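Below: one structure, written as structure tokens.
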Amino acid sequence: MLAKSGFATLMRRLSVCMLLVTVSATAQDDPFAEYRAMMGDDNPAIFVIEEGAELWTRPLGPKQASLEQCDLGLGAGVVKGAYAQLPRYFADTQQVMDLEGRLIHCMVTLQGRERDDILRKPYSATGDMGTELEALASYIAEQSSGMPIVIPQNHPAEQEAYALGEQLFFYRAGPYDFSCATCHRQSDKRIRLQKLPNLTVSDGAGMASSTWPAYRISQGVVRTMGWRMQDCAKQQRLPQLLPGSEAVVALIEYMGVNAAGTEMAAPGLKR
Amino acid sequence: MWQIKYLLAVVAVSATVSACAESGSQSKAKTVESVWLESMVAKNHVGLDRLNQTALQSACSNAESQVVSDTEREQLQQEATKSVAYPADGVFLGNWQQGEAIAGNGKGMQWSDNPNEPNGGNCYACHQMSPDEVAYGTVGPSLRNYGMRGVSEAMLKYTWAKIWNPQVYLVCSHMPRFGDAGILDEQQIRDVMAYLFDPASPVNRK
């Protein structure tokens, strides 16, 4: 495992170097589109996906159980297509859960692990090797690649989550008066050099929902949708947003329902 | 036609009933703020108190980014106007080079930032200013050649107030209240002002 990860890191670093060389050559509207095209299928996330597939089947925790019996919404152990239909309501927890919240739930119930241990470091710092949650999310998301996003809106709790997500999206707070909407309500805007997706309409929400998790070139790791939400909250000058929390789930629900029909293309490749 | 109306009425009533039943089964009165609070933890120098909304933030937290009434708008605008502190010595312009550094610095007040370092203004993230900066954003209007609009007393006061508290001119503006919220201090605002107005500043290069 370690030797493999070492190799993976080396490959990742090499890819990053190659990419940075091309970046300096262009700086127009979407320079990132150009190097995404150049990379073709060579997304360094493939190493992380492999790691995730291996983690899914590896016995871990006090119960020495794998996650293979984890129900991601389509039945115990069904991974194919599950991500394109998350978040969703789970009868066993009576909650709407996103992928990360559900994975944490499975680690606790199936593997007998402590929630606090898992939450101690859910996401990598820049330059880290990657976390279990990032690897699992990459593997599971890839298993929905090419499938349309269909977030269920049947259970009242799912409809509530959407409505709550919308309210959270427009909630302005903090010393900068920012809400999610400050950056993500308008189309065809950019912040710094980054295009800002309008998450209130289908193409913007689709672009965002279909491409996370993503390999972040500038950071050398795969970032998950939960990380993206946490980082947005940080940039809003708000406190730390927790993975799998009610606010994260509702925001992903809001965006995911707005994205209905978009084909999944994760893990993506981003700046 | 009456059947449709009847049907709509039934649907509306049952929707209301089920909505009530639903909220009744939920844990107490759940507000958006309480969901944020339960979903977040304090980190470094950033506490949960940041989720408490001001009257302005609360009034502008909707999809339309509009206050509900003219009365409310006028009241918020009056408060914003009162918040503006013009420089006591009447000096509006500082050093444009310092201002350029502030305008290009995106740090400040995030839990990953060092609270002992001065905050940046991060102006370039949303506004085009210098022709040398290619990575500018477009959330706010372009400020290229801003100083060529004239450097009258009125322009200086307008711009100072706009940076101090943009709500003076547009309630629910997306722009942070750099002076009022304590993001930039008086001298930093002078420097940013100079960056906008000084004829030698790259902002005003043709």
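All values reported here derive from a predicted model rather than from experimental measurement. The chains referred to below are lettered A, B, ... by the order of the sequence lines, with proteins before strands, and numbering in each begins at 1.
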Pair A:Tyr254 and A:Tyr162, ring centroids less than 6.0 Å apart: yes
Closest-packed option against chain A by number of heavy-atom pairs under 4.5 Å, given B:Ser61, B:Gly106, B:Ser39: B:Ser39
Side chain A:Thr182, main chain A:Ser179, donor-acceptor under 3.5 Å: yes
Plane angle bin for B:Trp36 and A:Tyr171 - parallel if under 30°, tilted between 30 and 60°, otherwise perpendicular: tilted
A:Glu114, CD atom: more than 12 neighbouring heavy atoms under 6.0 Å: no
Region of A:Leu251 in contact with chain B, defined by heavy-atom distances below 4.5 Å: side chain
Chain A contact via B:Ile183 - side chain, backbone, both or neither, heavy atoms under 4.5 Å: side chain
Contact winner vs chain A - B:Ala135, B:Ser65, B:Ala181, heavy-atom pairs under 4.5 Å: B:Ala135
Geometric class of the A:Trp227/A:Trp212 ring pair [parallel <30°, tilted 30-60°, perpendicular >60°]: tilted
Sub-2.5 Å SG contact, A:Cys180 and A:Cys232: no
A:Arg237 versus chain B, the contacting section by heavy-atom distance below 4.5 Å: both
A:Leu241 portion near chain B, given a 4.5 angstrom heavy-atom threshold: both
Side chain, backbone, both or neither of A:Phe169 within contact of chain B (heavy atoms, under 4.5 Å): neither
Verdict with reasoning, B:Asn62 to B:Gln66, per side-chain hydrogen bond (donor to acceptor under 3.5 Å, both in side chains): CA-CA 7 Å; B:Asn62 55 68; B:Gln66 290 285 333; over 6 Å; no
Contacting region of B:Cys172 [heavy-atom separation from chain A under 4.5 Å]: both
Top contributor to chain B interface from A:Gln235, A:Arg192, A:Gln186 [non-hydrogen pairs under 4.5 Å]: A:Arg192
Max heavy-atom pair count under 4.5 Å with chain A, selected residue of B:Gly182, B:Gly140, B:Ser173, B:Gly108: B:Gly108
Among B:Thr138, B:Val46, B:Val139, residue most engaged with chain A (heavy-atom pairs, under 4.5 Å): B:Thr138
Chain A interface, residue from B:Glu133, B:Glu38, B:Arg177 that has the most non-hydrogen pairs under 4.5 Å: B:Arg177
Heavy-atom pair count under 4.5 Å with chain B, highest-scoring of A:Asp188, A:Ile191, A:Val249, A:Leu196: A:Ile191
Best-contacting candidate, A:Lys234, A:Arg185, A:Glu166, against chain B by heavy atom pairs under 4.5 angstrom: A:Lys234
Ring-ring centroid check B:Phe197 B:Phe92, cutoff 6.0 Å: no
Short side-chain to backbone donor-acceptor contact, B:His45 and B:Asp113, under 3.5 Å: yes
